[in-house]
There are 2 protein chains.
Amino acid sequence: MSTPVVDPATPAPGRTRRNRGSEVVRDALIDAAIVEFAANGFDGASTRRIAEAAGAHQSQIKYHFDTKNELWKRCLDRMIGELEAAIAAATDGHRDDPRALVEASIRGLVELAARRPELSRIMMHEATSDSERLAWLFETHTGRLRAPLDRRWGRLRERGDAAPIGSDVLYHTLIGAASLLYANAPEARLMGVDPADPAVFERHADALVALFLGPGSDDR
Amino acid sequence: MSTPVVDPATPAPGRTRRNRGSEVVRDALIDAAIVEFAANGFDGASTRRIAEAAGAHQSQIKYHFDTKNELWKRCLDRMIGELEAAIAAATDGHRDDPRALVEASIRGLVELAARRPELSRIMMHEATSDSERLAWLFETHTGRLRAPLDRRWGRLRERGDAAPIGSDVLYHTLIGAASLLYANAPEARLMGVDPADPAVFERHADALVALFLGPGSDDR
DNA sequence: GTCTATAATTAGATAGAC
DNA sequence: GTCTATCTAATTATAGAC
């Protein structure tokens with residue numbers, strides 16, 4: 001065997017960290033960026049702080065994502081994936097019952113809003129003004145996400161089994177009612193409510209189901 | 001009379017604008033700042049752009065408000081005043097009927113959210129992370145605003161005349177359902193909904209009243 | 001793949017002429 | 001009260017050593 005010229009496990013002189021592998025660094029940068037973008041918005045976010053929180057150097061963002069914009073997109077890809085997984089998990093096994101399907105979708109939505117408040121925060125930051133990022137978000141993710149909710153809600157209203165809300169305003173009314181409590185958790189805490197408390201989450205989810213779907217068939 | 005040394009109506013050489021008076025400049029700066037803060041958040045907002053939009057110079061912000069922070073506070077003072085006026089106008093004459101009072105409050109809230117989407121946008125920007133500005137907002141305005149809604153909602157629930165929502169989560173659930181459509185109007189437009197359409201506003205307000213208060217006594 | 005050094009912008013704040 | 005010019009600090013992006 002030839003003598004290894006470089007041992008990748010040994011930091012070179014002047015280096016403080018050894019290589020961690022591309023996937024690990026990418027993941028750490030996305031994790032840190034999600035928190036930073038959610039707290040400060042796209043403009044307020046600093047790539048230096050993101051890199052620092054991820055234990056990396058600012059220049060590594062250029063290497064792994066090219067620009068701040070692309071890093072932001074990868075953050076959204078990950079979180080939207082989590083949202084779709086949460087809804088899919090909640091609706092699993094309810095394919096035949098439209099009301100149960102919508103109820104499960106609502107509970108999945110609230111569950112993710114509580115677990116990943118960063119998604120709502122970033123969406124609220126971005127959707128307040130027209131931008132290239134908002135257009136990308138709609139074309140890549142939000143447009144697609146809205147469709148199944150629309151269909152299910154339409155079927156439910158035909159049966160007279162849903163609140164009198166047109167499906168055009170349903171999206172923002174439901175998302176707003178479901179996610180503002182968690183997106184604005186720092187404000188809620190000032191008001192004496194702890195959105196991280198599981199009991200608060202339970203009562204909130206129950207309230208939303210009652211609000212949008214009325215008392216369940218079981219209770220009638 | 002002595003000869004006037006300076007004629008204030010004549011721009012000095014090299015000046016492009018004459019004096020407009022303190023109040024006019026302050027108002028113009030606040031108007032421009034509200035739009036800029038709402039679109040870009042506090043950090044993303046540029047005092048240079050604000051001044052330019054107001055037809056003033058960046059340095060005049062220092063003169064009239066001292067800092068960017070103080071300018072931001074004056075923006076919120078103005079908008080919260082508008083919100084209180086809208087609710088007061090809507091609830092006027094309903095002091096004796098608790099249900100009508102809450103219904104009017106909801107309609108006043110939606111009316112201002114539609115007319116002044118900047119308020120919701122700025123609140124959503126700020127309430128996503130702890131900051132000195134959020135603390136100021138709570139101490140100066142939002143804490144005070146929440147109290148009467150809490151009281152009225154409690155009375156209504158005792159009578160069994162309201163949706164099953166605890167008053168702790170009511171605030172964010174109602175505000176979210178009422179304002180996200182307007183705060184995120186650019187996104188709604190991409191989805192084919194125009195929140196500026198009066199018909200949309202009417203149906204949305206009716207839906208919220210039905211959602212939170214159930215069918216009115218008239219309809220029973 | 002990692003890191004240092006730095007270029008190019010832009011920000012808010014400020015001093016002082018008028 | 002207005003405006004120009006400038007200061008200091010922070011930003012993203014980039015070039016090149018290792």
Which of these nucleotides, D:dT2, C:dA13, C:dT2, is closest to any side-chain atom of B:K68?
C:dA13
Flag the pair B:E70 and B:K73 as a salt bridge only when some basic side-chain nitrogen lies within less than 4.0 angstrom of an acidic carboxylate oxygen.
yes
If I take atom CD in residue B:E70 and atom P in nucleotide C:dA13, what distance separates them, rounded to the nearest angstrom?
11 Å
Applying a 4.0 Å non-hydrogen cut-off, can you work out what A:R26 is touching in the nucleic acid: base, sugar-phosphate, or nothing?
nothing
Between the protein and nucleotides 5-8 of chain C, which nitrogen or oxygen pairs come in under 3.5 angstrom?
from: C:dT6; atom 1: O4; to: A:R48; atom 2: NH2; distance (Å): 3.4

Could you tell me whether the side chain of B:R121 reaches within less than 4.5 Å of the side chain of B:Y182, counting heavy atoms only?
no
Spacing between B:I50 atom CD1 and C:dA13 atom C1', to the nearest angstrom:
14 Å
Starting at CD of A:Q60 and ending at P of C:dT2, how long is that distance when rounded to a whole Å?
5 Å
B:N184 CG to A:S129 OG distance, which is reported to the nearest 0.5 Å:
10.0 Å
Would B:D197 and B:E202 count as a side chain to side chain contact (heavy atoms under 4.5 Å, CB included) if you check the C-alpha gap in whole Å, the side-chain angles of each, and the deciding distance to 0.1 Å?
CA-CA 9 Å; B:D197 180 352; B:E202 281 297 335; over 6 Å; no
Starting at atom NE2 of A:H64, determine the distance to atom C1' of C:dT2, rounded to an integer number of angstrom.
9 Å
With a cut-off of under 6.0 Å to the ring centre and 45° to the axis, is A:R133 in cation-pi contact with A:F42?
yes
Would you compute the distance between atom NE2 of B:H125 and atom CG of A:N40 and round it to the nearest 0.5 angstrom?
11.0 Å
Between CZ of B:F65 and C1' of C:dA13 the distance, given in whole Å, is 16 Å
Once you round it to whole Å, what is the distance between P of C:dA11 and CD of B:E52?
10 Å
In this structure, CD of A:E82 is separated from CZ of A:R115 (nearest 0.5 Å) by 6.5 Å
Answer yes when B:E187 and A:R146 have at least one side-chain N-carboxylate O distance shorter than 4.0 Å, and no when they do not.
no
Side-chain ion pair, A:R203 and A:D206, N-O less than 4.0 Å
no
Round to a whole Å and report the spacing from CG of B:D66 to P of C:dG12.
15 Å
Hey, can you pull the residues of residues 35-46 of chain B with a non-hydrogen atom under 4.0 angstrom from DNA chain C?
B:A45, B:S46
Whole-Å gap separating C1' (C:dG12) and CH2 (B:W72)
18 Å
Touch class at under 4.0 angstrom, heavy-atom based, for B:K62 against every strand present
base
